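Below, chain A is the first sequence line, B the second, and so on; all start at residue 1. On a predicted model such as this, the values are computed, not experimentally measured, just so you know.
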Amino acid sequence: MEPAVGALFPIAQALRSQLEAREQWALYESLEHPLIAVLYDMERTGILVDREVLARLAEHLGADIARLEAELTALAGEPFNLNSGPQIARILFEKLGLKTGRRTKTGFSTDQAVLEELAGSHPFPARLLEYRVLSKLKSTYLDTLPEVMDPRDHRIHTTFNQAGAATGRLSSSAPNLQNIPLRTAQGREIRRAFIAPPDGVLVGADYSQIELRVMAHLSGDPHLIEAFRSGEDIHASTARRIFNLTGDIDPTLRARAKIVNFGIMYGMGARSLAQQMGIGLPEAQQFIAHYFRLYARVRDFLDATLVDARRQGYVATLFGRRRYLPGLQSLNGGERSLAERVAINTPIQGSAADLMKLAMARVHVALMQWVPSARLLLQVHDELLLECAAGDAEAASRIVREKMEGGFDLKVPLEVSVGRGPTWLDVH
DNA sequence: CGAGGAGCGA
DNA sequence: ACGTCGCTCCTCGA
(Lines give C-alpha, C1' and ligand atoms only; values in the text may rest on other atoms or scores of the structure.)
Protein backbone atom coordinates (compact mmCIF):
# COMPACT_ATOMS: atom_id res chain seq x y z
CA MET A 1 0.00 0.00 0.00
CA GLU A 2 1.17 3.52 -0.80
CA PRO A 3 2.21 5.35 2.35
CA ALA A 4 0.19 8.43 1.39
CA VAL A 5 -2.98 6.39 0.94
CA GLY A 6 -2.38 4.51 4.13
CA ALA A 7 -1.95 7.75 6.01
CA LEU A 8 -5.37 8.94 4.82
CA PHE A 9 -7.32 6.18 6.45
CA PRO A 10 -7.25 7.54 10.00
CA ILE A 11 -8.38 10.93 8.68
CA ALA A 12 -11.16 9.44 6.57
CA GLN A 13 -12.29 7.33 9.52
CA ALA A 14 -12.31 10.33 11.81
CA LEU A 15 -14.37 12.35 9.32
CA ARG A 16 -16.77 9.48 8.87
CA SER A 17 -17.30 9.02 12.58
CA GLN A 18 -17.90 12.73 13.01
CA LEU A 19 -20.47 12.71 10.22
CA GLU A 20 -22.10 9.63 11.76
CA ALA A 21 -22.26 11.33 15.15
CA ARG A 22 -24.39 14.08 13.60
CA GLU A 23 -26.30 11.73 11.31
CA GLN A 24 -24.78 13.30 8.21
CA TRP A 25 -23.07 10.22 6.84
CA ALA A 26 -25.98 9.12 4.64
CA LEU A 27 -26.16 12.60 3.14
CA TYR A 28 -22.47 12.48 2.37
CA GLU A 29 -22.51 9.00 0.97
CA SER A 30 -25.61 9.33 -1.19
CA LEU A 31 -25.30 12.91 -2.35
CA GLU A 32 -22.10 14.80 -1.63
CA HIS A 33 -19.62 12.04 -2.41
CA PRO A 34 -21.07 11.22 -5.84
CA LEU A 35 -21.09 14.95 -6.64
CA ILE A 36 -17.34 15.37 -6.19
CA ALA A 37 -16.46 13.79 -9.52
CA VAL A 38 -19.26 15.70 -11.27
CA LEU A 39 -17.95 19.05 -10.08
CA TYR A 40 -14.43 18.06 -10.95
CA ASP A 41 -15.50 17.29 -14.51
CA MET A 42 -17.38 20.57 -14.77
CA GLU A 43 -14.40 22.57 -13.57
CA ARG A 44 -12.03 20.74 -15.85
CA THR A 45 -14.28 21.16 -18.89
CA GLY A 46 -14.92 24.87 -18.44
CA ILE A 47 -17.10 27.04 -20.64
CA LEU A 48 -16.01 28.46 -23.97
CA VAL A 49 -15.86 32.25 -24.16
CA ASP A 50 -15.74 34.58 -27.17
CA ARG A 51 -13.17 37.19 -26.24
CA GLU A 52 -14.28 39.49 -29.08
CA VAL A 53 -17.81 39.83 -27.72
CA LEU A 54 -16.42 40.94 -24.36
CA ALA A 55 -13.99 43.34 -26.01
CA ARG A 56 -16.69 45.01 -28.14
CA LEU A 57 -18.93 45.45 -25.11
CA ALA A 58 -16.09 46.83 -23.05
CA GLU A 59 -15.35 49.37 -25.76
CA HIS A 60 -18.96 50.57 -25.94
CA LEU A 61 -19.35 50.74 -22.19
CA GLY A 62 -16.01 52.48 -21.85
CA ALA A 63 -17.24 55.27 -24.11
CA ASP A 64 -20.53 55.61 -22.22
CA ILE A 65 -18.70 55.62 -18.90
CA ALA A 66 -16.32 58.36 -20.08
CA ARG A 67 -19.28 60.47 -21.19
CA LEU A 68 -21.03 59.99 -17.84
CA GLU A 69 -17.83 60.82 -15.95
CA ALA A 70 -17.65 64.14 -17.82
CA GLU A 71 -21.32 64.91 -17.19
CA LEU A 72 -21.12 64.05 -13.51
CA THR A 73 -18.00 66.15 -13.02
CA ALA A 74 -19.75 69.08 -14.70
CA LEU A 75 -22.91 68.62 -12.62
CA ALA A 76 -20.85 68.50 -9.45
CA GLY A 77 -18.82 71.53 -10.47
CA GLU A 78 -15.57 69.90 -9.38
CA PRO A 79 -13.57 66.75 -10.02
CA PHE A 80 -14.13 63.91 -7.59
CA ASN A 81 -13.75 60.14 -7.34
CA LEU A 82 -16.93 58.67 -8.79
CA ASN A 83 -16.32 55.39 -6.98
CA SER A 84 -16.05 56.94 -3.53
CA GLY A 85 -19.17 56.81 -1.37
CA PRO A 86 -18.06 59.57 1.02
CA GLN A 87 -17.18 61.91 -1.86
CA ILE A 88 -20.53 61.21 -3.54
CA ALA A 89 -22.31 61.93 -0.25
CA ARG A 90 -20.47 65.24 0.09
CA ILE A 91 -21.54 66.31 -3.42
CA LEU A 92 -25.15 65.18 -2.98
CA PHE A 93 -25.89 66.41 0.51
CA GLU A 94 -23.52 69.35 1.03
CA LYS A 95 -22.76 70.84 -2.37
CA LEU A 96 -26.12 70.16 -4.06
CA GLY A 97 -28.10 70.38 -0.85
CA LEU A 98 -30.24 67.31 -1.53
CA LYS A 99 -32.15 65.65 1.28
CA THR A 100 -30.21 63.04 3.22
CA GLY A 101 -31.68 59.58 3.52
CA ARG A 102 -30.72 56.38 5.27
CA ARG A 103 -27.50 56.26 7.28
CA THR A 104 -24.78 53.64 7.29
CA LYS A 105 -22.25 52.99 10.05
CA THR A 106 -19.89 55.50 8.50
CA GLY A 107 -22.16 58.18 7.03
CA PHE A 108 -25.04 58.73 4.65
CA SER A 109 -25.97 55.94 2.28
CA THR A 110 -25.70 56.58 -1.46
CA ASP A 111 -27.03 53.22 -2.60
CA GLN A 112 -29.48 52.57 -5.42
CA ALA A 113 -32.62 53.07 -3.32
CA VAL A 114 -31.38 56.43 -2.03
CA LEU A 115 -30.34 57.64 -5.49
CA GLU A 116 -33.70 56.62 -6.96
CA GLU A 117 -35.44 58.73 -4.32
CA LEU A 118 -33.32 61.73 -5.32
CA ALA A 119 -33.43 61.14 -9.07
CA GLY A 120 -36.61 63.18 -9.44
CA SER A 121 -35.13 66.33 -7.93
CA HIS A 122 -31.71 66.53 -9.61
CA PRO A 123 -29.94 65.09 -12.69
CA PHE A 124 -26.84 64.16 -10.69
CA PRO A 125 -28.25 61.11 -8.87
CA ALA A 126 -29.96 59.96 -12.06
CA ARG A 127 -26.68 60.08 -13.99
CA LEU A 128 -24.83 58.43 -11.14
CA LEU A 129 -27.22 55.50 -11.24
CA GLU A 130 -26.37 55.00 -14.91
CA TYR A 131 -22.67 55.28 -14.14
CA ARG A 132 -22.88 52.72 -11.33
CA VAL A 133 -24.57 50.13 -13.55
CA LEU A 134 -22.05 50.48 -16.37
CA SER A 135 -18.93 50.63 -14.24
CA LYS A 136 -20.05 47.57 -12.28
CA LEU A 137 -20.49 45.61 -15.48
CA LYS A 138 -17.18 46.72 -16.90
CA SER A 139 -14.98 46.23 -13.85
CA THR A 140 -16.51 42.99 -12.59
CA TYR A 141 -17.17 41.18 -15.85
CA LEU A 142 -15.85 42.76 -19.03
CA ASP A 143 -12.41 43.62 -17.70
CA THR A 144 -12.02 40.51 -15.54
CA LEU A 145 -13.36 37.58 -17.55
CA PRO A 146 -10.80 37.89 -20.40
CA GLU A 147 -8.03 37.80 -17.81
CA VAL A 148 -9.17 34.48 -16.38
CA MET A 149 -9.67 32.71 -19.72
CA ASP A 150 -7.37 29.75 -20.16
CA PRO A 151 -5.27 30.60 -23.25
CA ARG A 152 -4.95 26.92 -24.14
CA ASP A 153 -8.66 26.26 -24.65
CA HIS A 154 -10.27 29.73 -24.56
CA ARG A 155 -12.40 28.51 -21.71
CA ILE A 156 -13.13 29.79 -18.24
CA HIS A 157 -12.75 27.21 -15.50
CA THR A 158 -14.51 28.32 -12.33
CA THR A 159 -14.09 26.67 -8.96
CA PHE A 160 -17.19 25.19 -7.41
CA ASN A 161 -17.16 25.21 -3.64
CA GLN A 162 -19.16 22.18 -2.63
CA ALA A 163 -19.40 23.15 1.03
CA GLY A 164 -19.42 26.87 0.41
CA ALA A 165 -22.87 27.86 1.60
CA ALA A 166 -24.39 27.10 5.00
CA THR A 167 -27.64 26.00 3.35
CA GLY A 168 -25.94 23.35 1.21
CA ARG A 169 -25.87 25.36 -1.97
CA LEU A 170 -22.80 25.39 -4.15
CA SER A 171 -20.84 28.55 -4.60
CA SER A 172 -18.60 29.54 -7.49
CA SER A 173 -15.46 31.62 -7.41
CA ALA A 174 -12.40 32.76 -9.34
CA PRO A 175 -14.41 33.73 -11.25
CA ASN A 176 -17.93 33.53 -9.89
CA LEU A 177 -20.01 32.27 -12.82
CA GLN A 178 -23.19 32.14 -10.74
CA ASN A 179 -23.75 35.89 -10.91
CA ILE A 180 -23.36 36.70 -14.60
CA PRO A 181 -25.83 39.55 -15.32
CA LEU A 182 -29.30 38.87 -16.68
CA ARG A 183 -31.70 41.57 -15.47
CA THR A 184 -30.61 44.59 -17.48
CA ALA A 185 -30.36 44.69 -21.25
CA GLN A 186 -26.73 45.80 -21.19
CA GLY A 187 -25.75 43.19 -18.61
CA ARG A 188 -27.55 40.46 -20.49
CA GLU A 189 -25.30 41.06 -23.49
CA ILE A 190 -22.42 39.58 -21.48
CA ARG A 191 -24.12 36.20 -21.76
CA ARG A 192 -23.59 36.30 -25.52
CA ALA A 193 -19.90 35.79 -24.83
CA PHE A 194 -20.51 32.35 -23.30
CA ILE A 195 -20.78 30.11 -26.35
CA ALA A 196 -21.03 26.56 -27.63
CA PRO A 197 -18.00 25.01 -29.33
CA PRO A 198 -17.98 24.59 -33.14
CA ASP A 199 -20.67 22.10 -34.24
CA GLY A 200 -22.02 22.15 -30.68
CA VAL A 201 -24.90 23.74 -28.83
CA LEU A 202 -25.59 24.95 -25.29
CA VAL A 203 -28.53 23.46 -23.42
CA GLY A 204 -29.99 25.16 -20.37
CA ALA A 205 -32.44 23.58 -17.92
CA ASP A 206 -34.18 25.62 -15.22
CA TYR A 207 -36.32 24.44 -12.34
CA SER A 208 -39.56 26.41 -12.24
CA GLN A 209 -40.34 27.77 -8.77
CA ILE A 210 -38.39 25.04 -7.03
CA GLU A 211 -38.30 26.76 -3.63
CA LEU A 212 -42.05 27.36 -3.53
CA ARG A 213 -42.60 23.76 -4.60
CA VAL A 214 -40.32 22.67 -1.77
CA MET A 215 -42.32 24.79 0.65
CA ALA A 216 -45.53 23.22 -0.66
CA HIS A 217 -44.07 19.77 -0.08
CA LEU A 218 -42.60 20.46 3.35
CA SER A 219 -45.69 22.23 4.64
CA GLY A 220 -48.22 19.95 2.99
CA ASP A 221 -50.44 22.95 2.41
CA PRO A 222 -53.38 21.73 0.30
CA HIS A 223 -53.83 25.00 -1.58
CA LEU A 224 -50.21 25.31 -2.62
CA ILE A 225 -50.12 21.63 -3.54
CA GLU A 226 -53.27 21.89 -5.64
CA ALA A 227 -51.98 24.98 -7.41
CA PHE A 228 -48.79 23.19 -8.44
CA ARG A 229 -50.54 19.94 -9.35
CA SER A 230 -52.94 21.77 -11.65
CA GLY A 231 -50.06 23.58 -13.35
CA GLU A 232 -51.30 27.02 -12.35
CA ASP A 233 -49.21 30.17 -12.37
CA ILE A 234 -48.38 30.11 -8.66
CA HIS A 235 -48.19 33.87 -8.14
CA ALA A 236 -51.48 34.40 -9.97
CA SER A 237 -52.98 31.63 -7.86
CA THR A 238 -51.84 33.33 -4.65
CA ALA A 239 -53.15 36.66 -5.95
CA ARG A 240 -56.59 35.14 -6.62
CA ARG A 241 -56.76 33.82 -3.08
CA ILE A 242 -55.44 36.79 -1.13
CA PHE A 243 -57.42 39.32 -3.21
CA ASN A 244 -60.46 37.04 -3.44
CA LEU A 245 -60.69 37.15 -7.23
CA THR A 246 -61.30 34.74 -10.10
CA GLY A 247 -60.05 34.55 -13.66
CA ASP A 248 -57.26 36.65 -15.11
CA ILE A 249 -55.14 38.57 -12.66
CA ASP A 250 -53.94 42.12 -13.09
CA PRO A 251 -50.11 42.13 -13.41
CA THR A 252 -49.81 44.58 -10.49
CA LEU A 253 -51.68 42.22 -8.17
CA ARG A 254 -49.66 39.26 -9.40
CA ALA A 255 -46.47 41.18 -8.68
CA ARG A 256 -47.69 41.87 -5.14
CA ALA A 257 -48.56 38.23 -4.59
CA LYS A 258 -45.08 37.32 -5.82
CA ILE A 259 -43.53 39.59 -3.19
CA VAL A 260 -45.69 37.89 -0.55
CA ASN A 261 -44.74 34.40 -1.74
CA PHE A 262 -41.04 35.13 -1.64
CA GLY A 263 -41.32 37.15 1.56
CA ILE A 264 -42.90 34.24 3.40
CA MET A 265 -39.96 31.99 2.54
CA TYR A 266 -37.49 34.54 3.88
CA GLY A 267 -39.35 35.28 7.12
CA MET A 268 -40.06 38.81 5.96
CA GLY A 269 -41.71 41.18 8.43
CA ALA A 270 -44.61 43.54 7.89
CA ARG A 271 -42.35 46.55 7.71
CA SER A 272 -40.27 45.19 4.87
CA LEU A 273 -43.37 43.94 3.07
CA ALA A 274 -44.93 47.40 3.30
CA GLN A 275 -41.79 48.93 1.84
CA GLN A 276 -41.59 46.45 -1.03
CA MET A 277 -45.28 46.58 -1.91
CA GLY A 278 -45.56 50.32 -1.47
CA ILE A 279 -48.37 50.08 1.08
CA GLY A 280 -48.82 51.14 4.71
CA LEU A 281 -47.58 49.17 7.68
CA PRO A 282 -51.06 48.28 9.02
CA GLU A 283 -52.11 47.03 5.60
CA ALA A 284 -48.96 44.92 5.38
CA GLN A 285 -49.73 43.40 8.78
CA GLN A 286 -53.25 42.63 7.59
CA PHE A 287 -51.81 41.08 4.46
CA ILE A 288 -49.57 38.69 6.35
CA ALA A 289 -52.34 37.71 8.76
CA HIS A 290 -54.66 37.14 5.82
CA TYR A 291 -52.09 35.02 3.98
CA PHE A 292 -51.60 32.78 6.98
CA ARG A 293 -55.37 32.36 7.41
CA LEU A 294 -55.60 31.19 3.82
CA TYR A 295 -52.46 29.05 3.93
CA ALA A 296 -52.77 27.77 7.48
CA ARG A 297 -50.53 24.76 6.90
CA VAL A 298 -47.71 27.05 5.81
CA ARG A 299 -48.00 28.92 9.10
CA ASP A 300 -48.11 25.61 11.02
CA PHE A 301 -45.01 24.43 9.17
CA LEU A 302 -43.09 27.62 9.90
CA ASP A 303 -44.12 27.53 13.56
CA ALA A 304 -43.17 23.88 13.91
CA THR A 305 -39.83 24.53 12.23
CA LEU A 306 -39.02 27.16 14.84
CA VAL A 307 -40.19 25.00 17.74
CA ASP A 308 -38.09 22.06 16.55
CA ALA A 309 -35.11 24.29 15.90
CA ARG A 310 -35.18 25.75 19.42
CA ARG A 311 -35.48 22.28 20.95
CA GLN A 312 -32.90 20.52 18.78
CA GLY A 313 -30.55 23.40 18.16
CA TYR A 314 -30.62 22.90 14.41
CA VAL A 315 -32.87 22.82 11.34
CA ALA A 316 -32.70 20.14 8.64
CA THR A 317 -33.37 19.83 4.93
CA LEU A 318 -35.29 17.18 3.00
CA PHE A 319 -32.17 15.02 2.83
CA GLY A 320 -31.21 15.57 6.46
CA ARG A 321 -28.61 18.28 5.99
CA ARG A 322 -28.32 20.18 9.26
CA ARG A 323 -27.63 23.77 10.12
CA TYR A 324 -26.96 24.49 13.76
CA LEU A 325 -28.42 27.78 14.97
CA PRO A 326 -27.06 28.85 18.36
CA GLY A 327 -28.41 32.35 17.64
CA LEU A 328 -31.92 31.12 18.46
CA GLN A 329 -30.93 31.20 22.15
CA SER A 330 -29.34 34.63 21.96
CA LEU A 331 -30.46 37.34 24.37
CA ASN A 332 -29.78 39.86 21.61
CA GLY A 333 -33.08 40.46 19.83
CA GLY A 334 -31.52 41.25 16.48
CA GLU A 335 -29.34 38.19 16.50
CA ARG A 336 -32.27 36.00 17.58
CA SER A 337 -34.53 37.35 14.84
CA LEU A 338 -31.84 36.72 12.25
CA ALA A 339 -31.51 33.13 13.47
CA GLU A 340 -35.29 32.70 13.21
CA ARG A 341 -35.34 33.91 9.62
CA VAL A 342 -32.44 31.60 8.84
CA ALA A 343 -34.32 28.73 10.49
CA ILE A 344 -37.26 29.35 8.18
CA ASN A 345 -35.28 29.86 5.00
CA THR A 346 -32.64 27.13 5.34
CA PRO A 347 -34.94 24.08 5.03
CA ILE A 348 -36.43 25.60 1.88
CA GLN A 349 -33.27 26.86 0.18
CA GLY A 350 -31.30 23.85 1.40
CA SER A 351 -33.83 21.24 0.27
CA ALA A 352 -33.86 22.81 -3.17
CA ALA A 353 -30.06 22.57 -3.15
CA ASP A 354 -30.27 18.89 -2.13
CA LEU A 355 -32.63 18.12 -5.01
CA MET A 356 -30.37 19.88 -7.51
CA LYS A 357 -27.26 18.11 -6.24
CA LEU A 358 -28.89 14.70 -6.54
CA ALA A 359 -30.23 15.59 -9.99
CA MET A 360 -26.73 16.61 -11.09
CA ALA A 361 -25.24 13.29 -10.12
CA ARG A 362 -28.00 11.44 -11.99
CA VAL A 363 -27.73 13.69 -15.04
CA HIS A 364 -23.98 13.17 -15.13
CA VAL A 365 -24.22 9.38 -15.08
CA ALA A 366 -27.01 9.25 -17.66
CA LEU A 367 -25.28 11.64 -20.05
CA MET A 368 -22.03 9.67 -19.89
CA GLN A 369 -23.95 6.55 -20.88
CA TRP A 370 -26.39 7.90 -23.45
CA VAL A 371 -24.95 11.17 -24.82
CA PRO A 372 -21.18 10.96 -24.61
CA SER A 373 -20.76 14.28 -26.47
CA ALA A 374 -22.53 16.11 -23.62
CA ARG A 375 -20.77 17.87 -20.75
CA LEU A 376 -22.21 19.61 -17.74
CA LEU A 377 -20.71 23.10 -17.56
CA LEU A 378 -22.36 25.19 -14.88
CA GLN A 379 -24.88 25.05 -12.07
CA VAL A 380 -26.57 28.26 -11.00
CA HIS A 381 -28.68 27.07 -8.04
CA ASP A 382 -31.84 26.19 -10.00
CA GLU A 383 -30.30 25.96 -13.46
CA LEU A 384 -27.95 23.58 -15.25
CA LEU A 385 -26.00 24.58 -18.35
CA LEU A 386 -24.43 21.98 -20.60
CA GLU A 387 -22.93 21.65 -24.03
CA CYS A 388 -23.23 18.81 -26.50
CA ALA A 389 -22.88 18.04 -30.20
CA ALA A 390 -25.55 19.89 -32.16
CA GLY A 391 -27.17 16.64 -33.25
CA ASP A 392 -27.43 15.40 -29.66
CA ALA A 393 -29.38 18.37 -28.26
CA GLU A 394 -32.71 16.55 -28.31
CA ALA A 395 -31.37 13.51 -26.49
CA ALA A 396 -29.46 15.58 -23.94
CA SER A 397 -32.50 17.77 -23.25
CA ARG A 398 -34.70 14.75 -22.68
CA ILE A 399 -32.26 13.21 -20.23
CA VAL A 400 -31.68 16.40 -18.29
CA ARG A 401 -35.38 17.02 -17.93
CA GLU A 402 -36.07 13.43 -16.90
CA LYS A 403 -33.36 13.38 -14.22
CA MET A 404 -34.19 16.83 -12.85
CA GLU A 405 -37.95 16.28 -12.69
CA GLY A 406 -38.21 12.63 -11.75
CA GLY A 407 -37.48 10.25 -8.92
CA PHE A 408 -37.92 12.44 -5.85
CA ASP A 409 -41.26 11.34 -4.39
CA LEU A 410 -42.58 14.81 -3.57
CA LYS A 411 -46.15 15.93 -2.99
CA VAL A 412 -45.88 18.31 -5.95
CA PRO A 413 -44.43 17.84 -9.43
CA LEU A 414 -41.13 19.45 -10.34
CA GLU A 415 -41.11 21.29 -13.66
CA VAL A 416 -38.06 22.08 -15.72
CA SER A 417 -37.92 24.39 -18.72
CA VAL A 418 -35.25 23.43 -21.23
CA GLY A 419 -33.84 25.65 -23.96
CA ARG A 420 -30.91 25.58 -26.36
CA GLY A 421 -28.88 27.89 -28.51
CA PRO A 422 -25.48 29.06 -29.62
CA THR A 423 -24.93 31.30 -26.57
CA TRP A 424 -25.91 31.31 -22.90
CA LEU A 425 -28.34 34.15 -23.67
CA ASP A 426 -30.21 31.94 -26.13
CA VAL A 427 -31.01 29.06 -23.79
CA HIS A 428 -33.57 30.89 -21.70
C1' DC B 1 -4.50 43.87 4.19
C1' DG B 2 -9.20 44.10 6.12
C1' DA B 3 -13.65 46.56 6.89
C1' DG B 4 -17.37 48.72 4.82
C1' DG B 5 -20.44 49.93 1.09
C1' DA B 6 -22.26 48.72 -3.02
C1' DG B 7 -24.21 45.57 -6.54
C1' DC B 8 -24.42 41.17 -9.49
C1' DG B 9 -26.96 36.40 -9.34
C1' DA B 10 -30.22 32.57 -7.25
C1' DA C 1 -32.04 44.61 12.78
C1' DC C 2 -35.47 45.18 10.14
C1' DG C 3 -36.04 39.08 3.71
C1' DT C 4 -32.13 34.29 2.68
C1' DC C 5 -27.61 32.47 0.36
C1' DG C 6 -23.28 33.73 -2.05
C1' DC C 7 -18.73 36.55 -4.63
C1' DT C 8 -16.24 40.65 -6.28
C1' DC C 9 -15.30 45.39 -7.02
C1' DC C 10 -13.72 49.77 -5.05
C1' DT C 11 -12.26 53.02 -1.41
C1' DC C 12 -10.21 54.13 2.74
C1' DG C 13 -7.55 53.71 6.85
C1' DA C 14 -4.48 50.79 9.55
(request) Check DNA chain C against residues 48-70 of chain A and give the residues with a non-hydrogen atom under 4.0 Å, in numerical order. (result) none
(message) Salt bridge check, A:Glu387 against A:Arg155: does any charged N sit closer than 4.0 Å to a carboxylate O?
(response) yes
(message) A:Phe243: which residues meet the ring-ring contact (aromatic ring centres under 6.0 Å, His included) condition with it, sequence neighbours left out?
(response) A:Phe287
(message) Between the side chains of A:Arg56 and A:Glu59, is the shortest nitrogen-to-carboxylate-oxygen separation below 4.0 Å, so that they form an ion pair?
(response) no
(request) Enumerate the residues from residues 300-324 of chain A whose closest heavy atom to DNA chain C is under 4.0 Å, giving them by residue number; use none for an empty result. (result) A:Arg323
(message) Among residues 327-364 of chain A, which ones have heavy-atom contacts with DNA chain C below 4.0 Å?
(response) A:Ser337, A:Leu338, A:Arg341, A:Val342, A:Asn345, A:Gln349
(request) May I ask you to verify if any side-chain N or O of A:Gln87 is less than 4.0 angstrom from the OP1 or OP2 atom of C:dC12? (result) yes
(message) Given C:dC9, C:dG6, C:dT11, identify the nucleotide with an atom nearest to the side chain of A:Thr140.
(response) C:dC9
(request) Indicate whether OP1 or OP2 belonging to C:dG3 is found under 4.0 Å from a side-chain N or O atom of A:Ser272. (result) yes
(message) Students often mix this up, so state it plainly: with edges at 30° and 60°, are the rings of A:Phe262 and A:His235 parallel, tilted or perpendicular?
(response) tilted
(message) Closest approach to the side chain of A:Arg169, judged atom by atom: which nucleotide of C:dG3, C:dC7, B:dA10 is it?
(response) B:dA10
(request) Go through the side-chain N and O atoms of A:Asp354 and A:Ser351 and say whether any donor and acceptor fall under 3.5 Å apart. (result) no
(message) Taking the minimum atom-to-atom distance to the side chain of A:His381, which one of B:dA10, C:dT8, B:dC8 wins?
(response) B:dA10
(request) Determine whether the side chains of A:Asp250 and A:Thr252 contain a donor N or O and an acceptor N or O closer than 3.5 Å. (result) yes
(message) Can you tell me if A:Thr104 touches the phosphate of B:dG5, counting only side-chain N or O atoms and a distance under 4.0 Å to OP1 or OP2?
(response) yes
(request) Ignoring backbone atoms, establish whether A:Ser84 has a side-chain N or O less than 4.0 Å from OP1 or OP2 of C:dC12. (result) yes
(request) Scan side-chain atoms only and decide if A:Glu383 and A:His428 contain a donor-acceptor pair under the 3.5 Å cut-off. (result) yes
(request) Could you identify which residues of residues 410-428 of chain A place a heavy atom less than 4.0 Å from some atom of DNA chain C, listed by residue number, or say none? (result) none
(message) Quick test of your reading of the model: are A:Glu394 and A:Arg398 salt-bridged, counting only N-O distances below 4.0 Å?
(response) no
(request) Specify the residues of residues 260-267 of chain A, ordered by number, for which at least one heavy atom lies under 4.0 angstrom from an atom of DNA chain C. (result) A:Phe262, A:Gly263, A:Tyr266
(message) Between A:Thr106 and B:dG5, is there a contact of a side-chain N or O with OP1 or OP2 at under 4.0 Å?
(response) yes
